[in-house]
Each structure stands twice: as structure tokens, then as C-alpha cells.
Amino acid sequence: MDAIDREILRELQQDGRLSNQELAQRVGLTPSPCMRRVRQLEQDGVIQGYRAVIDPEAVGRGFEVLVSVEVRRDREAVEAFEAALQDIPDVIEAYRLFGSPGCLLRIAVADLRAYERLWIEQLTALSGITEVNSQIIMKRVKDHTGLPVN
């Protein structure tokens with residue numbers, strides 16, 4: 001990957017809807033070689049997809065919680081827990097961690113009452129859970145804007 005590929009990645013992370021013409025102009029290429037490079041980056045799996053960034057408030061999910069979860073440390077319990085998370089749409093990110101806590105979840109719901117319902121009816125009911133701790137997000141200080149591609 002050369003400097004032009006990295007510039008293409010920076011530009012597309014800022015605006016994935018750029019036309020090929022505009023992207024080519026920004027990175028100093030003509031449209032045809034620019035398109036070839038983008039397609040190669042997609043084919044190589046460097047570019048994994050394109051998404052719209054949605055305002056959580058606009059879709060009734062402005063209440064976000066970070067939840068640390070301890071799961072019994074055996075393969076069956078961990079696999080069952082991770083599979084069950086796939087069926088909970090309010091869990092928008094999930095990470096298995098080294099050490100403690102064993103798992104970190106990011107949850108987006110409408111409000112505190114919706115989170116309480118999720119906590120009681122779904123999270124604590126999952127098999128293998130030994131502890132659930134919640135941290136309510138007060139303010140988003142820095143948003144994910146893409147990966148540095150220096």
C-alpha cells in the first residue's frame with residue numbers, strides 16, 4: 001500500500017459517498033486508475049464496506065451504556081453468551097477482553113427505563129453471567145471517525 005492508497009482510505013473514511021471523480025481529484029489521480037485502486041482495496045479486504053452514520057437521537061437510541069460483564073470462564077459458557085448477544089439488537093458493540101471484565105458491551109436504547117428492562121429481562125438472564133456493571137455515558141467526547149492510515 002502506497003501513499004496514494006492511504007490518501008484514498010483517509011478520504012473515504014471522511015466521506016464514503018464521494019464520487020470516483022471527486023475522489024480522484026482529491027488524491028491527484030485520473031478517475032480510471034483511482035477506481036482500479038479502490039476496487040483493489042475492496043478486493044484485498046482493506047475496505048470492508050460502506051455505511052451511513054446515523055444520529056442515535058434521531059432513531060430513538062440516544063441513551064448509551066457501557067456494560068462490563070463477567071462470564072463463567074469455560075468455553076461452553078463463553079460461546080453461549082457470545083451467540084446470545086447476536087440476538088440482542090440493543091447491543092451495538094461487544095468485545096471479549098483479556099483479564100477482567102471478560103466482556104465489554106456498548107448498548108444503545110431510548111432511555112433509562114428501556115435499559116432497565118433490557119438489563120432485567122435479557123442481560124442478567126443470559127446463561128453463564130456472574131456479574132454485570134453499567135456505566136451510563138454522560139457525553140460523547142470523541143467520535144470514531146476512522147482509523148489512522150499514516
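One is the number of the first residue; the rest follow in order along the sequence.
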Checklist entry - Are any of the side-chain heavy atoms of Arg61 and Phe63 separated by less than 4.5 Å? => result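 Side-chain contact under 4.5 Å: no.
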Checklist entry - Do Asp44 and Arg39 have side-chain heavy atoms sitting under 4.5 Å apart? => result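 No. Closest side-chain heavy atoms not under 4.5 Å.
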Verify the neighbour count for atom [atom1] of [X]: are there more than 12 heavy atoms of other residues, nucleotides or ligands below 6.0 Å?
X     : atom1 : result
Gln25 : CD    : no
Arg6  : CZ    : yes
Arg51 : CZ    : no

Kindly give the heavy-atom pair with the smallest separation between [X] and [Y], and that separation in Å.
X      : Y      : result
Thr130 : Val71  : OG1-N, 4.3 Å
Arg140 : Pro56  : NH2-CG, 4.5 Å
Ser134 : Val67  : OG-CG2, 4.3 Å
Ile92  : Ala108 : CD1-CB, 3.8 Å

Checklist entry - Can you hop from Ile136 to Leu104 via hydrophobic side chains spaced under 4.5 Å? => result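 The answer is no; the residues belong to distinct hydrophobic clusters.
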Checklist entry - Should Met1 and Ile4 be regarded as members of a common hydrophobic cluster, given that ILVMFWY residues are connected when their side-chain heavy atoms come within less than 4.5 Å of each other, either directly or indirectly? => result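 The answer is yes; both residues are in one hydrophobic cluster.
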Checklist entry - Ion pair present between Asp74 and Arg72, side-chain N to carboxylate O less than 4.0 angstrom? => result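 The answer is yes: the pair qualifies as a salt bridge.
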Next on the checklist: I'd like to know if Asp2 pairs up with Arg37 as an ion pair, taking the criterion as any Lys NZ or Arg NE/NH1/NH2 lying under 4.0 Å from an Asp or Glu carboxylate oxygen.
Outcome noted: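 Salt bridge between Asp2 and Arg37, a charged N being under 4.0 Å from a carboxylate O: yes.
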Next on the checklist: Ignoring hydrogens and geometry beyond distance, is a side-chain donor-acceptor pair present between Tyr115 and Glu64 at under 3.5 Å?
Outcome noted: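 Result is no, nothing qualifies.
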Checklist entry - Is there a donor-acceptor contact under 3.5 Å linking the side chains of Asn133 and Glu131? => result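 Yes, Glu131 and Asn133 have a side-chain donor paired with an acceptor closer than 3.5 Å.
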Next on the checklist: Determine whether a donor-acceptor pair (N or O, by modelled atom type, separation under 3.5 Å) exists between the side chain of Glu70 and the backbone of Val132.
Outcome noted: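 Checking the backbone N and O of Val132 against the side chain of Glu70, no donor-acceptor pair under 3.5 Å is found.
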Next on the checklist: Just to verify, which of Glu11, Gln21, Glu7, Gln14 counts as forming a side chain to side chain donor-acceptor pair (under 3.5 Å) with Arg26?
Outcome noted: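 Looking at Glu11, Gln21, Glu7, Gln14, the match for Arg26 under the side chain to side chain donor-acceptor pair (under 3.5 Å) is Glu11.
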Checklist entry - Glu116: what forms a side-chain contact (heavy atoms from CB on, under 4.5 Å) with it, not counting sequence neighbours? => result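 Per chain and number, Glu116 pairs via side-chain contact (heavy atoms from CB on, under 4.5 Å) with Ile120.
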